[in-house]
Asker: 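Before anything else, here's the structure in question.
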Amino acid sequence: MRLARLMKVFITRRIPPEGRAALAQATDCEVEQWDSDEPIPSKELERHVVGAHGLLCLLSDRVDKGILDAAGANLKVISTLSVGVDHLALDEIKKRGIRVGYTPDVLTDATAELAVSLLLTTCRRLPEAMEEVKNGGWTSWKPLWMCGYGLTQSTVGIVGLGRIGQAIAQRLKPFGVQRFLYTGRQPKPQEAAELQAEFVPIAQLAAESDFIVVACSLTPATKGLCNRDFFQKMKKTAVFVNISRGDVVNQDDLYQALASGQIAAAGLDVTTPEPLPTNHPLLTLKNCVILPHIGSATYRTRNIMSLLAANNLLAGLRGEPMPSELKL
């Protein structure tokens, strides 16, 4: 009889240990997990979510109307182990009165560190230089060989001065950046004051920046924001970095800009699709550094994310305030 009263929870992937432990200790839940490090196929998700009261998912799990229909009326809470929620059918979720938990704030530092690492790696051509060591291209010291671009006295443009955008700028400032520009839906004078950052139209940011870091959310307004027109406005010596979402960038236009020398280089931690096919044209370019979406990939950050996702789920199931609830 006791089992019948337990709330069914389904987890779509193996998650880090702190979150897993929190759910295992919940005596009011019956927890089932897709026991793999790889994404659950959509048909399997439909099957396993039937009758679930709570769903803990990842960014790679598309929770659409079909999944919600399969879950049925029991589903009260969806907790995603991510900041982004573009994989969730939010309008449909709101209609059904389902609460949503997510994991903002906790991955800001890790993502900002990765953004700076990716920027430095790209502008100083580190992967290309490492390859030259391995393939015998390193023959002697040459004055202009493997030269890249430095941050000292540069102008850095940040698309999206949210938590992560601010954290990136704070980390870049000690490198001797002369000027910060930013763009977004509206000026953020209080946040920008510490950095002495200037709010400008996106066209001006593209034209005047030596380095551009994209850190905005994916919305209908930002989808395809960085396109042919954007890249044509950039300096030929400029370096472009995207750590937000792949769909913010038109990758065909980016390829043309890089291949033609319209811009100097690009570093991407996010792509469309993910994973990027190994035969994708961007992977043929020496001046494009691509990482497998590892912005939050530190042991500490992923454990904190998993614990927050678990606590969001449990609080929602128990009708309590969530530590981080997305207000729909």
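For the numbers below, each heavy atom of this structure counts, side chains included, while hydrogens, waters and symmetry mates do not.
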Asker: Less than 4.0 Å between a side-chain N and a carboxylate O, is that true for Lys95 and Asp91?
Answerer: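 No salt bridge links Asp91 with Lys95.
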
Asker: Is it true that a side-chain atom of Asn250 and a backbone atom of Gly224 form a donor plus acceptor pair closer than 3.5 Å?
Answerer: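 No; zero donor-acceptor contacts below 3.5 Å.
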
Asker: Going by heavy atoms in the side chains, are Glu325 and Arg99 under 4.5 Å from each other?
Answerer: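 In contact.
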
Asker: Hey, are Arg171 and Asp109 close enough for a salt bridge, meaning a charged N less than 4.0 Å from a carboxylate O?
Answerer: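 Salt bridge: yes.
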
Asker: Can you check whether Arg300's main-chain N or O pairs, donor with acceptor, with Asn303's side chain at less than 3.5 Å?
Answerer: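 No: the side chain of Asn303 does not pair with the backbone of Arg300.
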
Asker: Say whether, by atom type as modelled, one donor and one acceptor occur between the side chain of Thr108 and the main chain of Ile164 under 3.5 angstrom.
Answerer: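 Side chain of Thr108 to backbone of Ile164: no pair is present.
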
Asker: Go through Leu88 and Cys57 one step at a time and tell me if the side-chain contact (heavy atoms from CB on, under 4.5 Å) criterion holds.
Answerer: CA-CA 10 Å; Leu88 306 178; Cys57 64; 4.0 Å; yes

Asker: Give me the one residue out of Ile67, Leu90, Ile93 that meets side chain to side chain contact (heavy atoms under 4.5 Å, CB included) with Ile78.
Answerer: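 The residue from Ile67, Leu90, Ile93 that satisfies side chain to side chain contact (heavy atoms under 4.5 Å, CB included) with Ile78 turns out to be Ile93.
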
Asker: Before you tell me yes or no, could you show the steps for Arg179 and Asp210 under salt bridge (Lys or Arg N to Asp or Glu O under 4.0 Å), namely the whole-Å CA-CA distance, both residues' side-chain angles and the distance that decides it to 0.1 Å?
Answerer: CA-CA 10 Å; Arg179 185 182 179 213; Asp210 299 301; over 6 Å; no

Asker: Any donor-acceptor pair under 3.5 Å linking the side chain of His53 with the backbone of Asn74?
Answerer: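 Absent.
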
Asker: Can you list the steps and then say if Glu198 with Gln204 is a side-chain contact (heavy atoms from CB on, under 4.5 Å)?
Answerer: CA-CA 11 Å; Glu198 182 184 348; Gln204 183 180 343; 4.2 Å; yes

Asker: Using a cut-off of 6.0 Å, state whether more than 12 heavy atoms not belonging to Gln153 lie near its atom CD.
Answerer: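 No, the 6.0 Å shell around CD holds no more than 12 heavy atoms from other groups.
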
Asker: Please check if atom NZ in Lys43 has more than 12 non-hydrogen atoms from other residues, nucleotides or ligands closer than 6.0 Å.
Answerer: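 Not buried by this count: 12 neighbours or fewer within 6.0 Å.
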
Asker: Check whether Val214 and Val156 end up in the same hydrophobic cluster, where Ile, Leu, Val, Met, Phe, Trp and Tyr are linked by side-chain heavy atoms less than 4.5 Å apart.
Answerer: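 As far as the 4.5 Å side-chain criterion goes, Val156 and Val214 are not connected within one cluster.
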
Asker: Could you tell me whether a side-chain N or O of Asn312 sits under 3.5 Å from a main-chain N or O of Tyr102, the two making a donor and an acceptor?
Answerer: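 Checking the backbone N and O of Tyr102 against the side chain of Asn312, a donor-acceptor pair under 3.5 Å is found.
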
Asker: Output all residues satisfying ring-ring contact (aromatic ring centres under 6.0 Å, His included) with Phe230, sequence neighbours left out; order by chain, then residue number.
Answerer: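 So Phe230 forms no ring-ring contact (aromatic ring centres under 6.0 Å, His included) with any residue.
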
Asker: Quick check: does any side chain N or O of Asp253 sit under 3.5 Å from a backbone N or O of Arg228, one acting as donor and the other as acceptor?
Answerer: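 At least one qualifying donor-acceptor pair exists.
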
Asker: Quick one, Phe211 with Val241, criterion side-chain contact (heavy atoms from CB on, under 4.5 Å). Give me CA distance, side-chain angles, the key distance, then yes/no.
Answerer: CA-CA 8 Å; Phe211 303 93; Val241 169; over 6 Å; no

Asker: Describe, in one word, how the ring planes of Phe240 and Phe231 are oriented to each other, choosing from parallel (under 30°), tilted (30 to 60°) and perpendicular (over 60°).
Answerer: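 Because their plane-to-plane angle is over 60°, the rings of Phe240 and Phe231 count as perpendicular.
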
Asker: Tell me whether Leu282 is reachable from Val249 by hopping between hydrophobic residues (I, L, V, M, F, W, Y) whose side-chain heavy atoms are closer than 4.5 Å.
Answerer: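 Result: yes, single cluster for both.
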
Asker: Tell me if a side-chain donor or acceptor on Arg124 pairs with a main-chain N or O of Gly148 at a distance below 3.5 Å.
Answerer: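 No: the side chain of Arg124 does not pair with the backbone of Gly148.
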
Asker: Counting distance only, does the side-chain N/O of Gln166 pair as donor-acceptor with the main-chain N or O of Leu161 below 3.5 Å?
Answerer: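 Checking the backbone N and O of Leu161 against the side chain of Gln166, a donor-acceptor pair under 3.5 Å is found.
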
Asker: Starting from the C-alpha separation in whole Å, work towards a yes-or-no answer on salt bridge (Lys or Arg N to Asp or Glu O under 4.0 Å) for Arg13 and Asp37.
Answerer: CA-CA 6 Å; Arg13 194 88 59 88; Asp37 291 324; over 6 Å; no

Asker: Kindly say whether Leu118 contributes a backbone atom to a donor-acceptor pair with the side chain of Thr122 at under 3.5 angstrom?
Answerer: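 Checked: pair present.
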
Asker: For the side chain of Thr222 and the backbone of Ser217, is there at least one donor-acceptor N/O pair under 3.5 Å apart?
Answerer: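 A pair under 3.5 Å: yes.
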
Asker: Can you check side-chain contact (heavy atoms from CB on, under 4.5 Å) on Thr121 and Leu291, steps first, answer last?
Answerer: CA-CA 11 Å; Thr121 296; Leu291 303 179; over 6 Å; no

Asker: Of Thr219, Thr272, Thr271, which meets side-chain hydrogen bond (donor to acceptor under 3.5 Å, both in side chains) against Asp247?
Answerer: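 Exactly one pass, corresponding to Thr272.
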
Asker: Name the residue from Ile98, Thr12, Val77 that meets the side chain to side chain contact (heavy atoms under 4.5 Å, CB included) definition with Leu55.
Answerer: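 Result for side chain to side chain contact (heavy atoms under 4.5 Å, CB included) with Leu55: Thr12.
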
Asker: Does the side chain of Glu30 reach to within under 4.5 Å of the side chain of Val9, using non-hydrogen atoms?
Answerer: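 When only atoms from C-beta onward are counted, Val9 and Glu30 do not touch, as no gap falls below 4.5 Å.
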
Asker: For Glu32, what residues pass the salt bridge (Lys or Arg N to Asp or Glu O under 4.0 Å) criterion, not counting sequence neighbours?
Answerer: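 Partners of Glu32 by the salt bridge (Lys or Arg N to Asp or Glu O under 4.0 Å) criterion come out as none, since no residue qualifies.
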
